[in-house]
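We use all heavy atoms of the structure for the numbers below, so side chains are in, but hydrogens, waters and symmetry mates are not. Note that the numbering runs from 1 along the sequence shown for the chain.
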Amino acid sequence: MKTIALVGNPNAGKTTIFNALTGGQEQVGNWAGTTVERVEGRFSVDGQTVKVVDLPGIYALSAFSLDERVARDFLLSGEVDLAVVVIDSTNLERNLYLLVQIREIGIRSVACLNMWDEVEKSRSDLDAKIFAEITRCCDVVKTVGNQGRGIDELRSAIARCLEIDDVSEIQIDYGELEGLIDYLCSLGMNRFEALSVIEGDWHFADRIGENKRSVIETRLRDAASLYGDLSIYVAERRYGFIRALLGECMSRDVDMDKRLAFTEYVDRFITNKWFGLPLFLFVMYLMFTTVFKLADPFVGMIETLLAHLADWLGNVLTFFSAPEWLSSFLINGVLDGIGSILVFLPNIFFLYVFISILEDTGYLARAAFLMDKFMHRLGLHGKSFIPMLIGFGCNVPAIMATRTLSNEKDRIVTAFVIPFMSCSARLPIYVLFAGAFFPGRENIVIFSLYVIGILVGIFTAWLFNRLAMKDKEGLLIMEMPPYRLPSWKVVWRFSWIRTFEFVKKAWTVILLAVVLIWFLASMPWGVEYASDASLLGKIGKVLAPVFSLSGFGFWQATVALLFGVVAKEVVVGTLGTLLAGGQSEALRTVLPYYFTPISAISFLTMSLLYVPCVATIAVMKKEFGTRWAMFSTIYTIFIAWLLSTTLYQVLRVVSGFWGR
């Protein structure tokens, strides 16, 4: 069976092409000796079955990050019969850098020019024949992955290219460094390996004796004194080749130039060091305000529907003379627990809509650039903002995304920061408490919580860099895509998929947690449901004194936080089961009997900062080991308790002072 490697830059549409080729049939494992996922699939063409290996998204074969090492080692392993390089056609110059490196190795390649519809809209074109001749690619295919265009042609091109035997590599002229390249090749390296050593990757020089290594280091220092940073010199030569290539085969319409000029003009304001960050904060504030305005009518509809459903279910159970324990389980346990979470579906859906719009227009890339400048001064790695940004959706994939960072220190520090990025699972808690205690100012409260999470994350990075892991921070290198109108089809699909994942979680993990909570609140048989005499009450009463200084030292709040470790949404489900179970009032109405506005702020702060969920702990353990996972868990709980307690005590003193 032939094996092809699917390789490309992040966000070039590689996964979309993979799913289109394989029909979504995939096997997921790990690369040997690493925590990086290995995704494989198969498809048939011209009577033969082809195995497709989807490599991690990378910008280059420099092997300075774990993902780059995995991709490079597999490409050089001899297992690859053909490399399909997926290229974002809207950013050819940057994306072609990886293709050039692969062609320097001499691996048979197909260039897949994805997102070609964007090029067509600009009335530009590329001569595939000239492109293939210069790059010596076996074939060039233009695709639109999310529409399925060009996929059949890509399959046919793969089948043809797998039958080609003689494929030569391209050879770029590196000018004054050619003598150094020849010297390294004389030591037993090939041309690509020699270039890797020149760029600072000593992997291929390890098999050379120490006496030769010292000579190589001397030659490299001499060359650097003459030509400057050698990695930059090599990159400039490659980009020179790419620009010449595009000049030969690319015809660009003036509209594309206008579009790029417009992007540069707008970026002068969007990424301005004085206006950019306040604008970003205003956009975030506007997003939360709009989310509440749009979601409120739908929240009311769901609350009404759930109330009618509870009445109907109660009548049905009474009619059939159902035992009391069954009525309690279905109404107080399942319906109140799950219902108290599902009521926030509109808020979550509209939040994802706005995030998708910001990403699709190209604004989120600018936000990353702006936040990088701010955080870099405090010791946070420049490239860390990308995993942090992912963390606002879910902390689990965000921690996995730290694999793209260059060294272990950067990965660990970033992974410790990510739990403070407020994931979507926390949003139901925010919406519940903000609506109950700060009506009309919910957007300000929730926006403030996100800012607090970011500030605590920055403090954590600063603390680790100053006390434990001092090192030179890296720079952020990322794409600045041109501004685009959002694709409403993509926005809808992204928002629906994410919201559906929330619903699926509600009916699996959260349902199991709610059932467990009901059981513990009902045991031993005969006690009053959810009373302090129940097993749940006894557990909560043991732990409750820990939070007395934080303003919510009653056992129901303690139990809610305890079960929130399973999944943050369970906090709301637990409160719904314990406080609103069997009552006609909605949970939002009941909360003021247990919390004050000040203790509500303290509880929100605790919910924001303490360990996100079991899944986050598990992925931390998988990526960094048990020691770091346990330390992260203890650290987040301590920081959350310390800040919530301090906030409560300070606000109580301040409110008492102003009250006089």
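- Annotation: ring pair (Phe, Tyr, Trp, His ring centres under 6.0 Å) contacts of Tyr430 (sequence neighbours excluded): none.
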Name the atoms and distances for all side-chain donor-acceptor pairs under 3.5 Å in residues 603-611, with sequence neighbours left out.
{"unit_1": "Thr605", "atom_1": "OG1", "unit_2": "Ile601", "atom_2": "O", "d": "2.8"}
{"unit_1": "Ser607", "atom_1": "OG", "unit_2": "Phe603", "atom_2": "O", "d": "3.0"}
{"unit_1": "Tyr610", "atom_1": "OH", "unit_2": "Leu561", "atom_2": "O", "d": "2.6"}

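- Residues Ala560 and Val571 share a closest heavy-atom pair of O-CG2, 3.4 Å.
- Thr636 places a side-chain N or O within 3.5 Å of a backbone atom of Thr633 that can act as its donor or acceptor partner.
- The stretch residues 539-554 participates, sequence neighbours left out, in these side-chain hydrogen bond (donor to acceptor under 3.5 Å, both in side chains) pairs: Ser550-Thr645.
- Evaluation of the side chain to side chain contact (heavy atoms under 4.5 Å, CB included) rule for Val542 yields no partner, not counting sequence neighbours.
- Taking the six-membered ring where tryptophan is involved, the planes of Trp492 and Phe349 are perpendicular, since the angle between them exceeds 60° and thus also 30°.
- For the atom pair NZ (Lys568) and CG (Leu427), the distance works out to 13.5 Å, reported to the nearest 0.5 Å.
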> Going through the distances and angles, do Phe595 and Leu591 end up as a side-chain contact (heavy atoms from CB on, under 4.5 Å)?
Replying inline: CA-CA 6 Å; Phe595 292 89; Leu591 283 178; 3.9 Å; yes

> Please walk me through it: do Thr558 and Ile539 pass side-chain contact (heavy atoms from CB on, under 4.5 Å)?
Replying inline: CA-CA 9 Å; Thr558 304; Ile539 294 171; over 6 Å; no

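- In this structure, Leu579 and Gln556 have side chains that are in contact, with non-hydrogen atoms separated by less than 4.5 Å.
- With sequence neighbours excluded, the residues satisfying ring pair (Phe, Tyr, Trp, His ring centres under 6.0 Å) with Phe631 are Phe416.
- Note: Phe547 CZ to Leu543 CG = 7.0 Å, rounded to the nearest 0.5 Å.
- Remark: side-chain polar atoms of Ser422 are not paired, donor with acceptor, to backbone N or O of Tyr450 under 3.5 angstrom.
- Shown here are the side chain to side chain contact (heavy atoms under 4.5 Å, CB included) partners of Leu305, two or more places apart in sequence or in another chain: there are none.
- Considering only residues two or more places apart in sequence or on other chains, Pro545 meets the side chain to side chain contact (heavy atoms under 4.5 Å, CB included) condition with none of them.
- In this structure Thr596 satisfies the side chain to side chain donor-acceptor pair (under 3.5 Å) test together with Ser599, sequence neighbours excluded.
- Remark: Phe554 CZ is packed, more than 12 non-hydrogen atoms of other residues, nucleotides or ligands lying under 6.0 Å away.
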List the atom pairs, donor and acceptor, that lie under 3.5 Å between side-chain atoms in residues 453-460 and the rest of the protein, sequence neighbours left out.
{"unit_1": "Thr460", "atom_1": "OG1", "unit_2": "Val456", "atom_2": "O", "d": "2.9"}
{"unit_1": "Thr460", "atom_1": "OG1", "unit_2": "Tyr635", "atom_2": "OH", "d": "2.9"}

> Checking side-chain contact (heavy atoms from CB on, under 4.5 Å) for the pair Trp555/Leu536: CA distance, chi angles, key distance, verdict?
Replying inline: CA-CA 9 Å; Trp555 68 267; Leu536 200 61; 4.2 Å; yes

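- Panel note: side chain Thr646, backbone Leu642; a donor-acceptor pair is recorded below 3.5 Å.
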>> Go through it in stages, so that I can follow the logic: the residues are Ile617 and Met630, the test is side-chain contact (heavy atoms from CB on, under 4.5 Å), and I'd like the CA-CA distance, side-chain angles, deciding distance and then a yes or no.
In response: CA-CA 8 Å; Ile617 300 171; Met630 291 302 298; 5.8 Å; no

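- Partners of Ile634 according to the side chain to side chain contact (heavy atoms under 4.5 Å, CB included) rule, which considers only residues two or more places apart in sequence or in another chain, do not exist here.
- Counting heavy atoms from C-beta outward, Val650 and Val653 have side chains that stay 4.5 Å or more apart.
- Asn395 places no side-chain N or O within 3.5 Å of a backbone atom of Thr616 that could act as its donor or acceptor partner.
- For Gln649 (side chain) and Leu549 (main-chain N/O), a donor-acceptor pair under 3.5 Å exists by modelled atom type.
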